[in-house]
Amino acid sequence: MDTAGQGVAAQSPAVEGLTETEEEELRAELAKVEEEIITLRQVLAAKERHCGELKRRLGLSALGELKQNLSKSWHDVQVSNAYVKTSEKLGEWNEKVTQSDLYKKTQETLSQAGQKTSAALSTMGSAISRKLGDMRAHPFSHSFSSYSIRHSISMPVMRNSATFKSFEDRVGTIKSKVVGGRENGSDSLPSPAGSADQPLPGHAPF
């Protein structure tokens, strides 16, 4: 039996630097801690179930809880030293920029440009309004279109009248006499007096 016990001891030697007694004590403590962890996990699960039941009865949703957590996180960021220092630095830069001469000149230039643009638009609007008023007071296009319609309607009536046809016949007679005179070598029109002096063919003088 002693030989077998010595063989088992040789197969499982003690941890280096620890005696067998210290190793047994540590193993016992480890088992106790693991048992406590299991117990705590069971207690935590029970607490979480109880917490969820309380939230359900109070009407608290997961979304509301998320908003609350985000709000708290943002508040923590705002009160942090890094955020406060960054805000102060940005405020100093903004003050320096707004107080610089270049910024003031640029602002004045933009202001003057805006005033000039507004004045130009106002002037153009007034001119357009006056033009529209003049067009309403003097409707030239309407009177012109009415005259054109009346003129186009009256022209066929005038062409078909007896006076217009008689005038057209007289113009044609004069034109034929002018053309005949040029063919005979005379560029002058026959005078009414000359035609009165010569007797008409077939009629003897008195």
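The figures that follow rest on heavy atoms only: side chains count, while hydrogens, waters and symmetry mates do not.
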K.L.:
Closer than 3.5 angstrom, by distance alone: can the side chain of Ser122 be matched with the main-chain N or O of Ser118 as a donor-acceptor pair?
P.N.:
no

K.L.:
Indicate, with yes or no, if Leu132 and Leu121 share a hydrophobic cluster defined by side-chain heavy-atom contacts under 4.5 Å among Ile, Leu, Val, Met, Phe, Trp and Tyr.
P.N.:
yes

K.L.:
Taking only residues two or more places apart in sequence or in another chain, which ones pass salt bridge (Lys or Arg N to Asp or Glu O under 4.0 Å) with Glu29?
P.N.:
none

K.L.:
Between side-chain atoms of residues 104-116 and protein atoms elsewhere (two or more places apart, or another chain), which donor-acceptor pairs fall under 3.5 Å?
P.N.:
unit_1: Thr106; atom_1: OG1; unit_2: Leu102; atom_2: O; d: 2.8
unit_1: Thr109; atom_1: OG1; unit_2: Lys105; atom_2: O; d: 2.9

K.L.:
Taking the side chain as every heavy atom from C-beta outward, state whether Leu26 and Leu18 have any atom pair closer than 4.5 Å.
P.N.:
yes

K.L.:
Within this structure, what is the CG-CD distance for the pair Leu58 and Glu53, rounded to the nearest 0.5 Å?
P.N.:
10.0 Å

K.L.:
Check this for me: does any side-chain nitrogen of one of Lys96 and Glu92 sit under 4.0 Å from a carboxylate oxygen of the other?
P.N.:
no

K.L.:
In Å and rounded to the nearest 0.5 Å, what is the NE2 to CG distance from His75 to Leu70?
P.N.:
14.5 Å

K.L.:
If you measure from CD on Glu23 to CD on Glu25, what distance do you get to the nearest 0.5 Å?
P.N.:
11.0 Å

K.L.:
Kindly check if the number of other-residue, nucleotide or ligand heavy atoms within 6.0 Å of CD (Glu95) is above 12?
P.N.:
no

K.L.:
So do Ile128 and Lys131 actually touch side chain to side chain, heavy atoms under 4.5 Å?
P.N.:
no

K.L.:
Decide side chain to side chain contact (heavy atoms under 4.5 Å, CB included) for Ser71 and Lys67; before the verdict, give the C-alpha distance in whole Å, the side-chain angles of both, and the deciding distance to 0.1 Å.
P.N.:
CA-CA 6 Å; Ser71 178; Lys67 290 181 178 179; over 6 Å; no

K.L.:
Got a list of side-chain donor-acceptor pairs under 3.5 Å for residues 32-40, not counting sequence neighbours?
P.N.:
unit_1: Thr39; atom_1: OG1; unit_2: Glu35; atom_2: O; d: 3.0

K.L.:
With a 4.5 Å cut-off on side-chain heavy atoms, are Tyr103 and Ser100 touching?
P.N.:
yes

